[in-house]
J.: 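Sharing a structure, written as C-alpha cells. Questions coming.
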Amino acid sequence: MKLAPATRLYGLGILLLVALTICSRNFSDRGGLYFMASLTCAGIVYLLAIRELFATSRFPRHVVVTALLLTTAWHIEFLRLPPGADDDIHRYVWDGRLQRLGYNPYLVIPSDPAAQGLHTPETRNLNNSDLPSPYPAGAQLFFRAITAIHESTFALKVAFVVCDFAIVFVLFDVLRRKQQAPHLVLAYAWNPLLAIEVAGSGHIDIVGALMLVISVAALARSRRTIAALMLGLAVAVKFLPIVLLPLYWKRVRIRDALLAAVVVGLLYLPFLDHGRIPVGSLGAYVQNFRFNGPVFAALAHAAPPKLLAVLAVLVGLVTATWLRSAAPEWSPHVFAWPMAASLLCAPAVFPWYLLWLLPFLTSPSTLLIVVWTVSIIPTYLQWHLRALGRPWGALPAWVMLVEYGCVAMASAVIAFRRISRPSVHRSTNEVV
C-alpha cells in the first residue's frame with residue numbers, strides 16, 4: 001500500500017523531531033557519539049523530506065502548518081539549553097555590554113587585565129579573548145539593543161529564534177510572488193542546522209539572513225529602496241552578502257544603492273576611532289583562522305592569506321555576475337550560489353556560515369547546496385576533540401573527504417542523470 005505524500009511528510013517530521021530531541025539531550029557533548037549519530041539521522045531524514053517537497057506539487061495548508069509546529073517543538077528543545085562554553089554568543093553579550101558601558105568593542109581586548117572588572121560570569125571565558133571584536137557595526141548595534149533589554153545569552157538566543165521564524169513568514173510572501181508552492185518553506189524550516197546553530201548555539205548570521213530575505217522580498221514587490229537598504233543592513237551584520245551586488249544591477253536605482261551605502265556608513269559612526277573606521281580583529285581572522293576551507297588550504301602555500309580572501313570575494317562576485325547575465329528574470333535560488341561559491345574559497349567554513357544559504361534552497365537547482373548543509377555535519381567532531389583536550393586545529397582528513405565527497409558524488413549523479421535523460425528519451429522514441 002502506497003502512502004500519500006502528506007502521510008510520508010508527517011512521518012518524516014516525527015522522525016526529525018525524535019532525532020533532534022535526542023540530539024538536544026546530548027548538546028553539551030557536541031561532536032560526541034550520540035550527538036553525531038542523532039544529528040546524522042536528522043540530516044538523512046531532512047534529505048528524504050527534501051525529496052518529498054520537491055516531488056510534490058502542493059501540500060494542503062494544514063499539513064504545512066503542522067510541519068511548522070513540529071519545527072517549533074524542536075527549536076524549544078534547543079532553546080532551553082545553555083550554549084557551549086566557547087560559543088560566539090558569549091562574545092555577543094560582551095560586545096553589547098561594552099557599548100552600554102561606553103566602551104568600543106573594536107578596541108577593548110577581553111583578556112586585558114584592565115578590562116577584568118567589566119566581565120560577567122557569561123563573558124569571563126569567551127573564546128579568542130586576546131582579540132577585539134570582528135563583527136561589523138550592524139551586528140554590534142543588534143547586540144547592544146538586545147542586551148539593553150536583558151543582558152544574557154538566553155535573551156540573544158530568543159531574538160535569534162524570532163528572526164528564524166520571521167524568515168519563514170517572509171519566505172511565504174516570496175514563494176507566493178514567484179508562484180512557487182508554499183510548502184517549499186519547509187526546505188528552510190526543517191534544516192537541522194537551524195536547531196543547532198540558531199536555537200542551540202545562537203549565531204548572529206540568522207539576523208543577516210533575515211535582512212537578506214527581506215531584501216529579496218522587496219525586490220519581488222519592486223520596492224527598490226527597501227531592497228537596497230536591507231542588503232546594506234545584511235552586509236552590516238556580516239560581509240558575506242556583499243558578493244550579491246551584481247544581482248542587484250539594474251534592479252535597484254543608483255540613488256537607492258547610494259542611500260544604502262550612506263546608511264551602512266552611519267552605523268559605524270559610534271565606533272569611529274580618531275576618525276578611522278575600525279575593523280577590530282578582522283585582519284587577524286583572515287591571517288590566522290583556518291577551518292574546513294578546502295580551496296583556501298590548497299592555495300595557502302601559493303599566495304598570502306589576504307590575497308586568497310580577496311579571491312574568495314571575487315569568486316562570489318563573478319558567480320553573481322554570471323547569474324545576473326544568464327537569468328534576467330531572477331528567482332530566489334540564485335542568491336544562494338554566489339555566497340556558496342565564496343564560502344567554498346573562504347579560510348574558514350563553520351556550519352553556521354551556511355545559515356545564509358538556507359532561505360534560498362527552495363528549488364531542485366540548489367540540491368548540491370542542500371546536500372552540503374547535511375554533509376557538513378561531521379565537522380562537529382572538532383568540538384568533541386577540543387573537549388578531550390586537543391588543541392583547535394585542522395580537521396581529520398576523512399572529515400573533509402566525507403563532507404565534500406558527498407557534494408562531489410551528488411554532483412556526479414545529477415550530471416549523469418541530465419546526460420542520460422536525452423538518450424533514454426531517444427531510445428524510447430525509436431522503440432515506439
Side-chain angles (χ1 to χ4, degrees), residues 3-56 59 63-84 87 157 160-161 164-165 167-168 183-203 206 350-352 354-355 357-359 361 367 369-384 387 399 402-403 406-407 410:
L3 297 175
T7 304
R8 292 197 297 267
L9 193 67
Y10 280 143
L12 291 170
I14 292 170
L15 288 174
L16 198 53
L17 175 61
V18 171
L20 288 174
T21 299
I22 295 172
C23 188
S24 71
R25 299 292 192 270
N26 296 277
F27 188 64
S28 59
D29 185 23
R30 224 171 310 172
L33 176 61
Y34 294 109
F35 176 91
M36 294 295 285
S38 55
L39 185 56
T40 300
C41 288
I44 293 171
V45 172
Y46 171 71
L47 292 178
L48 293 173
I50 285 291
R51 181 178 179 274
E52 292 293 334
L53 295 172
F54 288 167
T56 305
F59 283 97
V63 173
V64 178
V65 172
T66 303
L68 290 175
L69 290 176
L70 288 174
T71 304
T72 304
W74 63 66
H75 272 67
I76 291 173
E77 287 295 318
F78 282 91
L79 183 61
R80 64 184 183 82
L81 302 172
D87 278 338
K157 291 215 300 176
F160 294 148
V161 169
D164 179 8
F165 290 165
I167 288 175
V168 170
H183 70 256
L184 291 175
V185 75
L186 297 177
Y188 164 79
W190 274 19
N191 193 289
L193 287 180
L194 291 170
I196 305 298
E197 301 300 349
V198 177
S201 298
H203 281 284
I206 198 66
F350 293 104
W352 55 90
L354 302 193
L355 294 176
L357 312 179
L358 300 186
L361 307 184
L367 191 56
I369 303 177
V370 171
V371 171
W372 190 16
T373 67
V374 174
S375 68
I376 201 172
I377 287 174
T379 62
Y380 285 106
L381 178 65
Q382 185 68 63
W383 278 259
H384 182 66
V399 171
V402 169
E403 177 185 357
C406 286
V407 177

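In this text the structure is predicted, and so the values were computed from the model without any measurement.
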J.: Closest approach of Ser375 and Pro378, non-hydrogen atoms and distance?
T.: O-CD, 2.9 Å
J.: So how far is it from Leu3 CG to Arg8 CZ, rounded to the nearest 0.5 Å?
T.: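 Rounded to the nearest 0.5 Å, the CG-CZ separation comes to 6.5 Å.
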J.: Report yes if the side chains of Leu361 and Ile50 come closer than 4.5 Å at any heavy-atom pair, otherwise no.
T.: no
J.: With rounding to the nearest 0.5 angstrom, report the CD1 to CG distance, Ile14 to Leu9.
T.: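 Ile14 atom CD1 to Leu9 atom CG measures 10.5 Å (nearest 0.5 Å).
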J.: Under the side-chain contact (heavy atoms from CB on, under 4.5 Å) rule, what do Tyr10 and Thr66 come out as? Steps first, then yes or no, please.
T.: CA-CA 8 Å; Tyr10 280 143; Thr66 303; 3.6 Å; yes
J.: I'd like to check Ser201 versus Phe27 (side-chain heavy atoms, cut-off strictly below 4.5 Å). Are they in contact?
T.: yes
J.: Between Glu197 and Trp352, what is the shortest heavy-atom contact and its length?
T.: OE1-CE3, 3.5 Å
J.: Please examine the side chains of Leu47 and Val370, heavy atoms only from C-beta on, and report whether any two atoms are closer than 4.5 Å.
T.: yes
J.: Are Phe78 and Leu20 close enough, and set up right, to give a side-chain contact (heavy atoms from CB on, under 4.5 Å), and what steps lead you there?
T.: CA-CA 9 Å; Phe78 282 91; Leu20 288 174; 4.2 Å; yes
J.: Do Ile196 and Leu39 touch side chain to side chain, with heavy atoms closer than 4.5 Å?
T.: yes
J.: For the residue pair Thr373 and Asn191, what are the closest heavy atoms and their distance?
T.: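 Looking at all heavy atoms of both residues, the shortest contact is OG1-ND2, 3.0 Å.
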J.: Ser38 and Arg25: side-chain donor and acceptor closer than 3.5 Å?
T.: no
J.: Please give me the minimum heavy-atom distance between His183 and Leu53, naming the atom from each residue.
T.: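 Distance-wise, the nearest heavy atoms are NE2-O, 2.9 Å.
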J.: May I ask you to decide whether Asp87 forms a salt bridge with Arg30, counting only side-chain N to carboxylate O separations under 4.0 Å?
T.: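 Here Asp87 pairs with Arg30 in a salt bridge, since their nearest N and O are under 4.0 Å apart.
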J.: I'd like to know whether His384 forms a ring pair (Phe, Tyr, Trp, His ring centres under 6.0 Å) with Phe35, so could you lay out the CA-CA distance, the side-chain angles of the two residues, the decisive distance to 0.1 Å, and finally the verdict.
T.: CA-CA 10 Å; His384 182 66; Phe35 176 91; 9.8 Å; no
J.: Please say which of Leu70, Thr72, Ile76 ends up in a side chain to side chain contact (heavy atoms under 4.5 Å, CB included) with Trp74.
T.: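 When side chain to side chain contact (heavy atoms under 4.5 Å, CB included) is applied between Trp74 and each of Leu70, Thr72, Ile76, only Leu70 qualifies.
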J.: Verify, without hydrogens or angle tests, whether Tyr46 (side chain) and Ala187 (backbone) share a donor-acceptor contact under 3.5 angstrom.
T.: yes
J.: Rounded to the nearest 0.5 Å, how far apart are OG1 of Thr71 and CG of Asp164?
T.: 8.5 Å
J.: So Trp383 and Tyr380, would you call those rings parallel, tilted or perpendicular, with 30° and 60° as cut-offs?
T.: tilted
J.: Rounded to the nearest 0.5 Å, what separates atom CZ in Phe350 from atom CD1 in Ile376?
T.: 10.0 Å
J.: Looking only at non-hydrogen atoms, find the nearest pair between Ala199 and His75 and report the distance.
T.: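 That would be CB-O, 3.5 Å.
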J.: Sort out for me which residue in Leu194, Leu79, Val198 forms a side chain to side chain contact (heavy atoms under 4.5 Å, CB included) with Phe160.
T.: Val198
J.: Would you say His203's side chain and Leu355's backbone share a donor-acceptor pair under 3.5 angstrom?
T.: no
J.: When rounded to the nearest 0.5 angstrom, what is the spacing between CG in Leu193 and OH in Tyr188?
T.: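 Going from the CG atom of Leu193 to the OH atom of Tyr188 covers 10.5 Å.
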J.: Counting neighbours of CZ on Arg80 that are heavy atoms of other residues, nucleotides or ligands and sit closer than 6.0 Å, is the number greater than 12?
T.: yes
J.: Would Thr40 and Val374 count as a side-chain contact (heavy atoms from CB on, under 4.5 Å) here? Give the steps.
T.: CA-CA 8 Å; Thr40 300; Val374 174; over 6 Å; no
J.: Write down the atom of Leu81, the atom of Ser24, and the distance for their closest heavy-atom approach.
T.: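 Where Leu81 meets Ser24 most closely, the heavy atoms are CD1-O, 3.1 Å.
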